[in-house]
Engineer: 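Quick one: structure below, then a few questions.
This chain uses plain numbering: 1 for the first residue, then up along the sequence. These values consider heavy atoms only, across backbone and side chains, with no hydrogens, waters or symmetry-generated copies.
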Amino acid sequence: MSARNNVAPSTIGVDFVEGGVVVEYLDGRDVFYHGPPKPVEGAITTPPGKEVHVLVTDPDGVEGVMTYINDRNTHDDILESTGVGRVMLEGDDEETLFPGVSVSTEAYSIRVEADLSVVDGRVFVFAEDEMSEHAYELVDDVDATRGDSSEFDADSNDGKRAEGPENDEENTESDDADDNNRPERE
């Protein structure tokens, strides 16, 4: 398997729609994350073994930066063309994704923490695999946000995402189409 590198994210479009969040990649494609995101105070430790994507939006929620955590399936050039970033963590690494937002490993899980007094916007965490997708929003006070799903009108935060750079066939094959270099799912 070829090595994967950290990739800096670019600013991409974001839209809150009925039932979830739409992320608009730089290459013109959209991806839908099912919601509404469950409010969680300050930090979340994702279920083990999930692919984890962190979205930090501007205060208006119209643009943001998306970073994949420990993604081993998507080539660097695909991430760069979509505007999605990637951070690779090992052992007990901790990285700052954005001022006020950090990620670390916790066994087979990823922990995302946000100091919302520093973040000038909103922080969403999506944890998914072939079976389910979980959506979270890191907030200061869960009670203050409970019942406020005016931007999202869905009953569940589990579902499947239709498309994204990591789901393209070209993303899982090496440049020379050598199957021995294809990234393996973990």
Engineer: Rounded to the nearest 0.5 Å, what's the gap from CZ on Arg86 to CE on Met66? Could you check?
Structural biologist: 14.5 Å

Engineer: Atom CG of Leu138 and atom NZ of Lys38: how far apart are they, to the nearest 0.5 Å?
Structural biologist: 12.0 Å

Engineer: Quick one: pull up NE2 in His34 and CD in Glu128 and give me the separation to the nearest 0.5 Å.
Structural biologist: 10.0 Å

Engineer: Which atom pairs, one a donor and one an acceptor, fall under 3.5 Å between side chains of residues 103-110 and the rest of the protein, sequence neighbours left out?
Structural biologist:
unit_1, atom_1, unit_2, atom_2, d
Thr105, OG1, Gly91, O, 2.1
Glu106, OE2, Thr45, OG1, 3.4
Ser109, OG, Thr46, O, 2.9

Engineer: Can you name the salt bridge (Lys or Arg N to Asp or Glu O under 4.0 Å) partners of Glu113, sequence neighbours left out?
Structural biologist: Arg111

Engineer: Salt bridge check, Glu137 against Arg122: does any charged N sit closer than 4.0 Å to a carboxylate O?
Structural biologist: yes

Engineer: Sequence neighbours excluded and cut-off under 3.5 Å, please list the side-chain donor-acceptor pairs for residues 5-14, or say none.
Structural biologist:
unit_1, atom_1, unit_2, atom_2, d
Asn5, ND2, Asp76, OD2, 2.7
Asn6, OD1, Met88, N, 2.7

Engineer: Tell me whether Asp71 contacts the main-chain N or O of Tyr68 through its side chain, where contact means a donor paired with an acceptor under 3.5 Å.
Structural biologist: no

Engineer: Kindly give the heavy-atom pair with the smallest separation between Pro47 and Tyr136, and that separation in Å.
Structural biologist: CD-OH, 3.9 Å

Engineer: Which heavy-atom pair separates Ser81 from Leu26 by the least distance, and what is that distance?
Structural biologist: O-CB, 3.6 Å

Engineer: When rounded to the nearest 0.5 angstrom, what distance separates CD in Glu51 from CD in Glu130?
Structural biologist: 7.0 Å

Engineer: Applying side-chain contact (heavy atoms from CB on, under 4.5 Å), name anything that partners Asp140, two or more places apart in sequence or on another chain.
Structural biologist: Leu116

Engineer: When you compare the side chain of Val112 with that of Val101, does any pair of heavy atoms fall below 4.5 Å?
Structural biologist: yes

Engineer: To the nearest 0.5 Å, what is the distance between CG on Asn73 and CG on Asn70?
Structural biologist: 11.0 Å

Engineer: For Lys50 and Phe126: C-alpha separation, side-chain torsions, deciding distance, then whether side chain to side chain contact (heavy atoms under 4.5 Å, CB included) applies.
Structural biologist: CA-CA 9 Å; Lys50 302 287 186 187; Phe126 306 101; over 6 Å; no

Engineer: Can you give me the closest heavy-atom contact between Val142 and Pro39, atom names plus distance?
Structural biologist: CG2-O, 3.7 Å

Engineer: Find out whether Asp92 and Glu94 are in side-chain contact, i.e. whether some heavy atom of one side chain is under 4.5 Å from a heavy atom of the other.
Structural biologist: no

Engineer: Take Phe16 and Phe124 through the ring pair (Phe, Tyr, Trp, His ring centres under 6.0 Å) test and state the conclusion after the steps.
Structural biologist: CA-CA 12 Å; Phe16 300 112; Phe124 297 92; 5.5 Å; yes

Engineer: Name all residues meeting the side-chain contact (heavy atoms from CB on, under 4.5 Å) criterion together with Asp120; count only those two or more places apart in sequence or in a different chain, and write none if there are none.
Structural biologist: Pro59

Engineer: Does any part of the side chain of Val84, heavy atoms only, come nearer than 4.5 Å to the side chain of Thr67, both counted from C-beta?
Structural biologist: no

Engineer: Between Ile69 and Leu89, is there a side-chain heavy-atom distance shorter than 4.5 Å?
Structural biologist: yes

Engineer: Looking at every non-hydrogen atom in both residues, tell me the closest pair between Ala114 and Val123 and how far apart they are.
Structural biologist: CB-CG2, 4.1 Å

Engineer: Under a 4.5 Å cut-off applied to non-hydrogen side-chain atoms, are Leu55 and Val65 in contact?
Structural biologist: no

Engineer: Quick check for you: to the nearest 0.5 Å, what is the distance between Thr57 atom OG1 and Glu63 atom CD?
Structural biologist: 9.5 Å

Engineer: Show the numbers, then the answer: is there a side chain to side chain contact (heavy atoms under 4.5 Å, CB included) between Asp15 and Val21?
Structural biologist: CA-CA 6 Å; Asp15 191 14; Val21 179; over 6 Å; no

Engineer: Taking side-chain contact (heavy atoms from CB on, under 4.5 Å) as the definition, give me every residue that meets it alongside Val62, ordered by chain and number, with sequence neighbours left out.
Structural biologist: Asp58, Asp60

